[in-house]
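Let me begin by presenting the structure, written as structure tokens, before commenting on it.
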Number of protein chains: 2
Amino acid sequence: MSIVECHDGRMSLRHAVLGMLADEPGSGYDLLKRFERAMANVWPATQSQLYGELGKLEAAGMIHVLAEGPRGRKEYEITEAGLEELRHWLIDVDPGGPPRSAGLLRVYFLGSVSPAQARGYVASMGESARAREERLAELEGTIDWGDDNQSLYGRLVLEWGKRFSAMQREWAEWAVKQVE
Amino acid sequence: MSIVECHDGRMSLRHAVLGMLADEPGSGYDLLKRFERAMANVWPATQSQLYGELGKLEAAGMIHVLAEGPRGRKEYEITEAGLEELRHWLIDVDPGGPPRSAGLLRVYFLGSVSPAQARGYVASMGESARAREERLAELEGTIDWGDDNQSLYGRLVLEWGKRFSAMQREWAEWAVKQVE
DNA sequence: CTGTGCATGTAAGGAGTTACATGATTCA
DNA sequence: TGAATCATGTAACTCCTTACATGCACAG
């Protein structure tokens with residue numbers, strides 16, 4: 001193996017940006033709001049990160065400036081190279097295992113506090129899961145779903161979130177009983 | 001607000017190390033193997049990271065060297081300050097929302113590939129969830145569970161993993177039908 | 001003419017990964 | 001003595017977050 005040979009790291013923000021621009025061109029500011037609206041629960045991103053990534057993507061030829069507007073606004077569009085990179089990531093790259101979970105990490109260590117405190121912590125996990133369930137159900141009502149692809153895959157993600165939250169709530173209810 | 005005022009970032013590796021040392025003293029090498037065995041699916045950590053964190057924790061007075069062994073082995077033990085920090089993290093700090101999920105991020109963008117490819121990707125998510133279910137079921141059989149606290153909380157985490165994997169498999173089965 | 005929102009960026013630092021690097025001990 | 005294992009550490013890099021910083025445009 002060569003001395004310099006890494007360039008992995010997964011870099012999913014890059015692909016999140018490419019995916020959004022594949023859907024529709026937009027400026028950094030646009031993307032920021034789209035991230036807040038649609039992806040806050042899947043892949044949060046900050047303003048700094050977005051502008052930095054847009055710069056790198058442009059340098060790499062994966063996006064280009066489609067138009068410039070007032071206040072220095074730069075509207076980006078994905079290029080063919082960018083689309084190719086996105087499709088490659090979607091299809092060819094191994095997604096890797098389940099992500100880190102700080103909440104679950106704590107459960108491992110609940111032996112370091114009193115059973116009452118442990119029970120309280122598990123119960124609060126259940127409560128926040130229940131709150132998320134409600135929020136998602138509400139969200140589902142406010143979105144007007146179409147028949148297009150974006151709606152289809154958006155529904156898939158929303159359904160995943162609902163099932164995940166329900167699973168966590170049920171687990172927490174079960175776990176509280178175990179601690180007793 | 002003051003100019004220099006941050007020091008958040010969550011730093012969960014720190015607490016993972018404290019939690020392990022609260023359970024039982026050990027060297028960096030010991031912890032490395034314990035991480036591989038017990039926590040690979042919850043909070044993976046590399047050798048570099050562990051030794052770095054042990055150094056920082058010792059400098060912060062949260063752990064101390066209990067004994068030195070052959071080959072420069074340093075066995076660490078958690079201090080009272082470290083226990084306090086661990087308990088504080090367990091009880092008082094907000095765990096934050098659901099973590100990033102690269103797998104789910106992709107689902108958002110499956111509109112960029114053909115329906116057949118999208119279906120294939122979702123199906124592979126289900127398949128890897130099924131494989132994880134099997135692995136966890138096998139793991140459950142090989143561990144001899146006791147009545148102690150560690151076994152209790154370990155079982156809770158394992159159960160979470162089982163439910164999560166089952167949820168993801170069922171979701172994938174459902175989602176494959178939606179894509180058709 | 002002033003506030004609100006639009007719009008873009010940089011700097012500093014923590015967290016995590018990979019690769020590089022070294023050396024001691026034990027056992028066959 | 002040679003291989004495997006024990007054992008610790010550093011360097012370079014990417015990713016992510018927070019805070020700092022600037023300026024234009026438009027509506028009231």
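- Following rounding to the nearest Å, A:F35 (CZ) and D:dC16 (C1') show an atom-to-atom distance of 13 Å.
- Counting to the nearest Å, the P atom of D:dT5 and the CG atom of B:D30 are 17 Å from each other.
- Across all strands shown, B:L13 has heavy atoms under 4.0 Å from sugar-phosphate atoms exclusively, and none from any base.
- In terms of phosphate contacts, A:Q49 brings no side-chain nitrogen or oxygen within less than 4.0 Å of OP1 or OP2 of D:dC15.
- What separates CD of A:Q47 from P of D:dG23 is a distance of 16 Å, to the nearest Å.
- For the pair A:E133 and A:S165, the tightest heavy-atom approach, listed with the atom from each and the gap, is CG-CB, 3.5 Å.
- Using a 4.0 Å cut-off, no side-chain N or O of B:Y51 falls inside it from OP1 or OP2 of D:dG9.
- Among the protein residues, B:R100 comes within range of the sugar-phosphate backbone only, with heavy atoms under 4.0 Å from sugar or phosphate atoms but none that close to a base.
- A donor-acceptor pair is defined here as one N or O able to donate and one able to accept, closer than 3.5 Å; no such pair exists between the side chain of B:R130 and the backbone of B:R169.
- We find that CD of A:E58 is positioned 9 Å from P of C:dG9, with the value rounded to whole Å.
- Where B:R73 and B:G52 meet DNA chain D, the nucleotide closest to each residue was compared, and B:R73 sits on the side nearer the 5' end.
- The separation between A:M39 atom CE and D:dC16 atom C1' is 15 Å, rounded to whole Å.
- Separation of atoms OH (B:Y108) and CE (A:M39) is listed at 7.0 Å; rounding is to 0.5 Å.
- Summarising the geometry of A:L54 relative to A:G28, their closest heavy-atom pair is CD1-CA, 3.5 Å, with the distance given to 0.1 Å.
- Taking atom CG of A:L54 as the reference point, atom P of C:dG9 lies 8 Å away to the nearest angstrom.
- Nucleotides of DNA chain D nearest to A:S48 and A:R71 differ in position, and the one nearer the 5' end is that of A:S48.
- Judged by a 6.0 Å distance limit and a 45° cone about the ring axis, B:R163 is positioned over the six-membered ring of A:W174.
- One atom, CG of B:L31, and another, P of D:dC6, lie 15 Å apart when rounded to the nearest Å.
- Residue A:K56 places none of its side-chain N or O atoms closer than 4.0 Å to OP1 or OP2 of D:dT14.
- Look at NZ on B:K74: it is 16 Å from P on C:dA24, rounded to the nearest Å.
- Regarding contacts with the backbone of D:dA7, every side-chain N or O of B:K33 stays at 4.0 angstrom or more from both OP1 and OP2.
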